[in-house]
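Reading through the structure tokens given below for one structure.
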2 protein chains.
Amino acid sequence: MTTSSETWLEQLHDHGYRVTAARRAVVDTVFGTTHALTPSEVYDTARKKYRALGLVTVYRTLEKLEELHLIQRVHQPMGCQAFIAAGIGHQHLLLCQQCGQVEFFEGDDLDTLTKSIARKTGYQIQEHWLQLFGLCTNCK
Amino acid sequence: MTTSSETWLEQLHDHGYRVTAARRAVVDTVFGTTHALTPSEVYDTARKKYRALGLVTVYRTLEKLEELHLIQRVHQPMGCQAFIAAGIGHQHLLLCQQCGQVEFFEGDDLDTLTKSIARKTGYQIQEHWLQLFGLCTNCK
DNA sequence: TTCCTTACTGAAAATCATTTTCAATAAGTA
DNA sequence: TACTTATTGAAAATGATTTTCAGTAAGGAA
Ligand SMILES: [Mn+2]
Ligand SMILES: [Mn+2]
Ligand SMILES: [Zn+2]
Ligand SMILES: [Zn+2]
């Protein structure tokens, strides 16, 4: 199961969107990074692949990629405008506080907790956000 | 142990900040709500208590309250500019997806998980964000 | 391949939230 | 009460994101 940025372009195409040079540049950029990127960072990097790219197109493309669940927004204390390739299935993020590297992990089990909280509060719990912060092997 | 918004005003005072009518209005507003409020929502509500209030002062007061850890930012899919009175000690948020009501809970135990992830990834894990979403008793 | 419809583009303008500037005001201490 | 200076709201500035628009090109149909 090898995935490449072509997969994303195919998905865009399958949903009636056109595959353009500008979108290729944005898709390649976001697909191939292990750091959450802001629109402006995507712009800077993608413009090295496609000089004529406009920042507006970056915003528009990120919007579509998010809509197709190919990327996801990364929330951080410093800001919440960064994006990363979405995890597959039920996964959560682990972020390096020093260099911003992003890892996914799975295997969290919050059933006991959520059932207990549901009972105590009367809420019907539907989803959860979990995110770990730390230092990566390079930074620690 | 009864706390009132006076506590917050005292804290402001103890940190060398002045207690003004504008700040009273903001503090009263944020202290006494069970919903996360945006600066603009705080403004609208607080202006009912103090008509002359300026939006700028809302921003400035929220900034100070956050700095003193009396309020905390609430991250949501729709936006991350809302604030709520901070929980005491190690607590997490439970949000109603329908009406926006906020509850705190504690008693999560992520030690096993974080140790396991630390071992697998090599990261030194330092903190975590956990947030539950659901429907409150009124909304479900 | 060529044609044709229309989605997509980047530039510029508009909008929106937040921050800065500034002169007047008032909190809090002496 | 007097005085220092933090705080105020209005207005201007900033910065990020969105909208507008006329030209361009993707990609299905012929
Ligand atoms: Mn989970
Ligand atoms: Mn916890
Ligand atoms: Zn790192
Ligand atoms: Zn509710």
Side-chain angles (χ1 to χ4, degrees), chain A residues 5-6 8-30 36-68 71 73-83, chain B residues 5-6 8-30 36-68 71 73-83:
Chain A
S5 62
E6 286 302 318
W8 288 17
L9 295 171
E10 275 168 33
Q11 292 234 38
L12 282 169
H13 185 261
D14 291 350
H15 285 262
Y17 296 124
R18 293 180 182 174
V19 175
T20 67
R23 283 182 181 162
R24 279 182 188 282
V26 172
V27 163
D28 283 353
T29 299
V30 182
L37 299 175
T38 62
S40 160
E41 288 168 340
V42 171
Y43 176 64
D44 291 339
T45 305
R47 232 155 66 89
K48 289 171 189 152
K49 303 168 201 276
Y50 181 64
R51 256 274 167 279
L53 180 67
L55 178 57
V56 199
T57 298
V58 172
Y59 277 96
R60 290 191 278 226
T61 304
L62 290 175
E63 191 176 72
K64 285 175 178 58
L65 293 176
E66 188 178 25
E67 175 190 316
L68 298 180
I71 63 174
R73 187 177 294 269
V74 176
H75 298 259
Q76 286 180 272
M78 33 155 324
C80 307
Q81 328 357 103
F83 295 88
Chain B
S5 61
E6 285 302 318
W8 289 15
L9 295 171
E10 274 168 34
Q11 292 236 38
L12 282 170
H13 185 261
D14 291 350
H15 284 261
Y17 297 123
R18 292 179 182 175
V19 175
T20 67
R23 282 181 181 163
R24 279 183 188 282
V26 172
V27 163
D28 282 354
T29 299
V30 182
L37 300 175
T38 62
S40 160
E41 287 167 341
V42 171
Y43 176 65
D44 291 338
T45 305
R47 233 155 66 89
K48 288 171 190 152
K49 303 168 200 274
Y50 181 64
R51 258 273 166 278
L53 179 67
L55 178 56
V56 199
T57 298
V58 173
Y59 277 96
R60 291 191 276 224
T61 305
L62 291 176
E63 189 176 73
K64 284 174 179 58
L65 293 176
E66 189 179 23
E67 174 190 317
L68 299 179
I71 63 173
R73 186 176 295 269
V74 177
H75 297 258
Q76 286 180 271
M78 32 155 324
C80 306
Q81 338 342 111
F83 296 87

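Within every chain, numbering begins at 1; the chains are lettered A, B, ... in the order of the sequence lines, protein sequences first and strands thereafter. Everything numeric here is computed off the predicted structure, so don't read it as measured data.
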**Report entry** A:Leu53 vs B:Leu55, nearer the 5' end of DNA chain C by closest nucleotide
**Finding:** A:Leu53
**Report entry** Sugar-phosphate, base or nothing in reach of B:Tyr43, heavy atoms under 4.0 Å
**Finding:** nothing
Requested in this report: Taking only the side-chain nitrogens and oxygens of A:Arg23, find out if one of them lies under 4.0 Å from OP1 or OP2 of C:dT9.
Outcome: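 Checking C:dT9 against A:Arg23, a side-chain N or O does come within under 4.0 Å of OP1 or OP2.
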Can you tell me how far [atom2] of [N] sits from [atom1] of [X], to the nearest Å?
{"X": "A:Tyr50", "N": "D:dA26", "atom1": "OH", "atom2": "C1'", "result": "12 Å"}
{"X": "A:Lys64", "N": "D:dA26", "atom1": "NZ", "atom2": "P", "result": "16 Å"}
{"X": "A:Arg51", "N": "C:dA11", "atom1": "CZ", "atom2": "P", "result": "12 Å"}
{"X": "B:His15", "N": "D:dT7", "atom1": "NE2", "atom2": "P", "result": "13 Å"}
{"X": "A:Gln81", "N": "C:dA17", "atom1": "CD", "atom2": "P", "result": "14 Å"}
{"X": "B:Asp14", "N": "C:dT29", "atom1": "CG", "atom2": "P", "result": "10 Å"}
{"X": "A:Glu63", "N": "C:dA7", "atom1": "CD", "atom2": "P", "result": "16 Å"}
{"X": "B:Leu62", "N": "D:dT8", "atom1": "CG", "atom2": "P", "result": "12 Å"}

List for me each residue that meets side-chain contact (heavy atoms from CB on, under 4.5 Å) alongside [X], sequence neighbours excluded, and say none if there are none.
{"X": "B:Ala82", "value": "B:Ala36, B:Thr38"}
{"X": "A:Val56", "value": "A:Arg60"}
{"X": "B:Glu63", "value": "none"}

Query raised in the report: Taking only residues at least two apart or on different chains, which pairs with a member in residues 8-29 of chain B satisfy salt bridge (Lys or Arg N to Asp or Glu O under 4.0 Å)?
Result: B:Glu6-B:Arg24
Query raised in the report: Tell me the salt bridge (Lys or Arg N to Asp or Glu O under 4.0 Å) pairs involving residues 40-50 of chain B, sequence neighbours left out?
Result: none
Query - pair A:Pro39-A:Leu62: side-chain heavy atoms closer than 4.5 Å - result: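 A side-chain contact under 4.5 Å exists here.
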Query raised in the report: Would you say B:Val26 and B:Tyr43 make side-chain contact, with heavy atoms under 4.5 Å?
Result: no
**Report entry** Dot-bracket pairing map - DNA chain D, Watson-Crick plus G-U, both contacts under 3.5 Å, | cross-strand
**Finding:** ||||||||||||||||||||||||||||||
List, with names and distances, any nitrogen or oxygen atoms from the protein found under 3.5 Å away from nitrogen or oxygen atoms belonging to nucleotides 21-27 of chain C.
unit_1	atom_1	unit_2	atom_2	d
C:dA27	N3	B:Arg18	NH1	3.1

Requested in this report: Rounded to the nearest 0.5 Å, what's the gap from NZ on B:Lys64 to CD on B:Gln11? Could you check?
Outcome: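 Separation between the atoms: 15.0 Å.
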Query raised in the report: When the nearest nucleotide of DNA chain D is assigned to B:Ala52 and to B:Gly16 on a heavy-atom basis, which residue is associated with the more 5' position?
Result: B:Gly16
**Report entry** A:Tyr17: partners by side-chain hydrogen bond (donor to acceptor under 3.5 Å, both in side chains), with sequence neighbours left out
**Finding:**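 In terms of side-chain hydrogen bond (donor to acceptor under 3.5 Å, both in side chains), with neighbours along the sequence ignored, A:Tyr17 is linked to A:Glu67.
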